[in-house]
Every structure is written in C-alpha cells, then in structure tokens.
Amino acid sequence: MAMVYVVEDDCNIREIETFSLKNSGYAVENFACAKDFYRQLEIALPNLILLDVMLPDEDGLSIIKKLRERLETKKIPIILVTAKTSELDKVKGLDIGADDYITKPFGVMELISRVKAMLRRSMDDMYGEEAIQIKLGDIVMDRGRHAVFVKGEACELTYKEYELLKLFIYNPKRVMPRDLIMERVWGIDFEGESRTLDMHIKTLRQKLRDAGGCIKTVRNVGYMIEEE
C-alpha cells in the first residue's frame with residue numbers, strides 16, 4: 001500500500017482525489033496548504049505527491065523547487081495538478097522538477113492510471129544511484145563489504161535482514177508499504193505474509209540493539225526508518 005500525499009486547497013477536489021486513491025488501495029494523507037504539508041514531511045515521506053499549483057500560502061512550482069533541492073525529497077515522484085492549460089505552463093512545471101501533470105478537470109480513471117504508472121516507474125528506479133556507504137545515526141551500511149556496523153561494531157545480519165535494512169536506510173523518512181517490502185526483499189506478493197515480515201523486523205531491531213528503535217511502525221501501512 002503506497003503512501004500518497006495530496007496537496008490541494010479546493011475541498012471538493014481534495015475529497016475526490018483522496019476518496020479515489022483510497023478506493024484504489026492507496027494510503028492517503030491530504031493537506032489544504034503548504035504549511036501543513038511541510039510539517040508532515042518532517043514526520044514521514046510519501047511514495048508520491050499529488051500537488052496543486054495554486055495554494056493559499058505558496059504556489060506548487062515553488063514547492064517543487066524546494067523539494068528537488070533537498071536530498072531526502074529530490075527523488076519523490078510529483079504529479080502536478082493544474083487548471084492552467086497552456087503548453088508553456090505544463091512545460092514550466094516539468095522543467096522545474098515535476099514528473100508528470102494532470103489538468104483540471106480530470107477523470108478519476110485518468111488520475112489513478114497516472115498514479116499507478118508513476119509509482120511503478122519510481123519503484124523500478126529506487127536503487128538507481130545508491131552510495132557505496134551510507135550512515136544513519138549509529139548505523140553504517142557498507143555495500144562494498146556487504147557489512148553493517150552499529151557504533152563501530154560489526155552487526156551480523158542474515159541476507160533478508162540486510163536487504164530489509166538496505167531498503168530502509170536508502171530511503172530515510174520514506175514510508176515503505178508492506179507490499180513494496182515483500183516485493184523488493186522477498187520477490188513475492190504481500191498477501192498472507194504479514195507474520196514473515198513482522199518477525200524479520202523484530203529480529204532486525206534486536207540485532208541493531210539501541211539503534212533498532214529508528215525503525216518505526218507506520219500503522220496500517222508498513223515501516224520507515226528515521227534517525228532518532
């Protein structure tokens with residue numbers, strides 16, 4: 001279940017987008033202004049952002065520029081929702097960092113189709129530019145040596161535990177839905193595998209010792225990692 005953030009000040013459109021996405025199996029958080037959206041980004045990152053151009057406190061193009069300048073948000077796919085129909089407006093949005101756009105008024109089927117396509121593309125690119133070594137709090141993952149260290153001490157992980165940690169640590173603050181985790185780490189559909197995932201998360205946390213608390217449970221969605 002991917003997490004989608006909807007940023008739209010029009011109450012009716014926001015409700016339509018939220019209902020349609022939830023009805024299609026996505027987890028959704030919605031916001032009427034940039035301020036509330038930014039506040040939530042500090043708590044958790046989504047898998048995709050559906051962003052209106054005209055907001056009461058900041059325009060969507062300005063928001064995109066800020067997101068693309070931040071390391072943790074620069075790769076989050078953004079679909080721009082705009083009432084402007086000129087080719088120039090659309091090109092400007094794409095040039096500034098939007099991944100796709102949809103023009104108001106739009107159909108629900110078109111919206112869901114674009115969201116699905118964008119999420120599929122972003123998941124395929126998830127490991128496109130990984131660093132060889134990355135640090136999060138007391139945890140250091142060295143992919144060159146296939147090793148993990150906690151406070152300088154080696155942490156012995158199984159293959160699946162290592163892959164779980166890699167998925168999390170290269171996507172800090174980004175909510176990792178259960179079905180995505182199962183697909184990426186086990187290569188199978190999530191249905192019926194809840195206990196397998198939860199048990200591996202439990203043992204991973206234990207092996208990371210005090211640092212294990214950085215792996216957070218996102219209720220009814222999945223897991224995420226953030227520096228404590």
Side-chain angles (χ1 to χ4, degrees), residues 1-10 13-14 16-18 20-34 36-38 40-55 58-131 167 170-177 179-181 183-184 221-222 224:
M1 184 188 297
M3 172 63 76
V4 179
Y5 283 1
V6 171
V7 190
E8 168 65 64
D9 66 322
D10 186 303
I13 295 178
R14 189 171 67 249
I16 290 172
E17 291 173 338
T18 300
S20 301
L21 289 164
K22 286 185 176 179
N23 198 45
S24 297
Y26 298 107
V28 182
E29 295 281 353
N30 61 70
F31 313 92
C33 63
D36 293 341
F37 168 64
Y38 286 137
Q40 182 61 24
L41 281 180
E42 296 303 318
I43 299 173
L45 299 181
N47 300 104
L48 181 143
I49 298 169
L50 199 59
L51 177 65
D52 184 31
V53 172
M54 304 299 291
L55 295 171
E58 186 175 359
D59 71 87
L61 298 182
S62 174
I63 292 174
I64 292 174
K65 287 181 67 176
K66 291 179 180 178
L67 295 178
R68 293 307 183 227
E69 290 170 354
R70 296 174 57 184
L71 180 63
E72 65 270 28
T73 58
K74 70 177 183 178
K75 290 187 178 181
I76 298 176
I78 300 172
I79 298 179
L80 199 60
V81 181
T82 175
K84 299 180 180 181
T85 57
S86 76
E87 183 178 0
L88 182 61
D89 290 326
K90 296 173 183 177
V91 169
K92 186 176 181 180
L94 295 172
D95 284 348
I96 212 166
D99 297 282
D100 195 3
Y101 66 86
I102 186 168
T103 304
K104 300 176 185 177
F106 53 83
V108 170
M109 291 181 65
E110 179 187 6
L111 171 67
I112 299 304
S113 177
R114 288 178 180 268
V115 168
K116 285 182 178 179
M118 188 56 59
L119 283 170
R120 184 166 57 247
R121 191 186 314 165
S122 70
M123 297 312 176
D124 290 341
D125 294 340
M126 183 172 289
Y127 291 129
E129 298 179 7
E130 291 180 352
L167 180 64
Y170 280 90
N171 296 276
K173 286 190 176 182
R174 183 173 181 177
V175 177
M176 294 287 107
D179 54 356
L180 170 63
I181 296 173
E183 179 185 344
R184 290 290 170 175
V221 180
M224 62 176 281

Quiz prompt | side chain to side chain contact (heavy atoms under 4.5 Å, CB included) between Leu67 and Phe37, intermediate numbers included | solution = CA-CA 11 Å; Leu67 295 178; Phe37 168 64; 4.2 Å; yes
Are the side chains of [Y] and [X] in contact, using a 4.5 Å heavy-atom criterion?
{"X": "Thr82", "Y": "Lys104", "value": "no"}
{"X": "Lys74", "Y": "Glu69", "value": "no"}
{"X": "Asn171", "Y": "Met176", "value": "yes"}
{"X": "Leu50", "Y": "Glu8", "value": "no"}
{"X": "Ile43", "Y": "Gln40", "value": "yes"}
{"X": "Ile102", "Y": "Leu80", "value": "no"}
{"X": "Tyr5", "Y": "Val28", "value": "no"}

Practice problem: Could you tell me whether Arg68 and Asp99 have a side-chain N and a carboxylate O separated by less than 4.0 Å? | Solution: yes
[X] side chain to [Y] main-chain N or O, any donor-acceptor pair under 3.5 Å?
{"X": "Asp59", "Y": "Val53", "result": "no"}
{"X": "Asn47", "Y": "Val175", "result": "yes"}
{"X": "Lys173", "Y": "Glu42", "result": "yes"}
{"X": "Arg114", "Y": "Met109", "result": "no"}
{"X": "Asp9", "Y": "Cys33", "result": "no"}

Practice problem: Using the test salt bridge (charged side-chain N to carboxylate O under 4.0 Å, His left out), find all partners of Arg14 that sit at least two apart in sequence or belong to another chain. | Solution: none
Practice problem: Just do the side chain to side chain contact (heavy atoms under 4.5 Å, CB included) check on Leu51 and Ile79 with the steps written out, would you? | Solution: CA-CA 6 Å; Leu51 177 65; Ile79 298 179; over 6 Å; no
Practice problem: Evaluate whether atom CZ of Phe31 has more than 12 neighbouring non-hydrogen atoms of other residues, nucleotides or ligands under 6.0 angstrom away. | Solution: yes
Exercise. Using the test side chain to side chain contact (heavy atoms under 4.5 Å, CB included), find all partners of Glu58 that sit at least two apart in sequence or belong to another chain.
Key: Ala34, Tyr38, Ser62, Ile63, Lys66
Exercise. Sort out for me which residue in Asn30, Leu48, Ile49, Thr18 forms a side chain to side chain contact (heavy atoms under 4.5 Å, CB included) with Val4.
Key: Leu48
